[in-house]
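Working notes, beginning with the structure itself.
Just so it is clear, the structure is predicted and the values come from calculations on it, not from any experiment.
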Amino acid sequence: MAAEKPVMMVGIDDSEHSFYALQWTIDRFFASFSEEQQPYKLVIVHSKPAPASVIGLAGPGAAEVLPFVEMDLKRAATRVVEKAKEVIGKSVKEITVDVVEGDARNVLCDAVDRHHATVLVVGSHGYGALKRAVLGSVSDYCAHHAHCNVMIVKKPKTKN
């Protein structure tokens, strides 16, 4: 009986940095191998914001808007997953896709444990220190809290 392949997980959102990290991962760990020789199983994880977090404390009338926000978030998540599948193409036959509602930091760290991931790959948005301090960095959080190796893929800066 063949040993189970280790899991490589890629966290995606709707950013170009995220899809760059996915393409980078496919090119280096999947595309040049036959399906039988691929060293990892691939798991794609997308964190979908909770409708209430998008609306915030909108006050009266927020309850009427909630179903529309939920529908919009589901459509956005579907677009992200479809784009990820396009990036992957035929390079990987078997992909597990997980769309989980919640904050990306917690969603990714929980998914690492749930899927027993060996490696988590995330893209870097390239925020400066101030923006990172205000917004927080998903990659930084995962590097410190995920129970596996974390690979942060940086998109090269384009020359003007």
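Within the 4.5 Å cutoff, the side chain of H115 has heavy atoms near those of the D98 side chain. Using a 4.5 Å cut-off on side-chain heavy atoms (C-beta onward), V92 and Q38 make contact.
Considering all non-hydrogen atoms of both residues, A146 and V150 come closest at CB-CG2, 3.9 Å. Residues C148 and V119 come closest through the heavy atom pair SG-C, 4.0 Å. Closest heavy-atom contact between H147 and D113: ND1-OD1, 3.1 Å. In terms of heavy-atom proximity, V100 sits nearest to R114 at CG2-NH2, 3.7 Å. Between K48 and A77, the shortest heavy-atom distance links the atoms CD-CB, 4.0 Å.
Relative ring orientation between Y40 and F29 is described as perpendicular, the plane-to-plane angle rising above 60° on a 0-90° scale split at 30° and 60°.
The side-chain contact (heavy atoms from CB on, under 4.5 Å) test with V10 is passed by exactly one of V43, V122, V121: V121. K155 pairs with exactly one of Q23, H17, E16 by the side-chain hydrogen bond (donor to acceptor under 3.5 Å, both in side chains) rule, that one being E16.
The ring-ring contact (aromatic ring centres under 6.0 Å, His included) search around F19 returns none, not counting sequence neighbours.
Residues L120 and I12 fall into different hydrophobic clusters, defined by Ile, Leu, Val, Met, Phe, Trp and Tyr side chains chained together at heavy-atom separations under 4.5 Å. Using a 4.5 Å cut-off between side-chain heavy atoms of Ile, Leu, Val, Met, Phe, Trp and Tyr, with links allowed through other members, V112 and I95 fall into different hydrophobic clusters. By the rule that hydrophobic residues join a cluster once side-chain heavy atoms approach within less than 4.5 Å of another member, V80 and V45 end up as members of separate clusters. Hydrophobic clustering (side-chain heavy atoms under 4.5 Å, transitive across Ile, Leu, Val, Met, Phe, Trp, Tyr) keeps I152 apart from L22. In the hydrophobic clustering of this structure, L73 does not group with V99; members are Ile, Leu, Val, Met, Phe, Trp, Tyr whose side-chain heavy atoms approach within less than 4.5 Å, directly or through other members.
Note that CZ of R105 is 7.5 Å distant from OG of S137, once rounded to the nearest 0.5 Å. Interatomic distance, CG of N106 versus OG of S47, reported as 9.0 Å (0.5 Å rounding). Between the OH atom of Y20 and the OG1 atom of T25 there is a distance of 10.0 Å, given to the nearest 0.5 Å. Distance check: I26 CD1 to I88 CD1 gives 4.5 Å after rounding to the nearest 0.5 Å. Within the model, atoms OG of S91 and CD of E35 stand 11.5 Å from one another, a figure rounded to the nearest 0.5 Å. Annotation: the span from T118 atom OG1 to K5 atom NZ amounts to 12.5 Å, rounded to 0.5 Å.
No more than 12 heavy atoms of other residues, nucleotides or ligands lie within 6.0 Å of CZ in F68, so this atom counts as exposed by the packing criterion.
Applying the salt bridge (charged side-chain N to carboxylate O under 4.0 Å, His left out) definition to pairs two or more places apart or across chains, those involving residues 72-93 are E70-K74, D72-R75.
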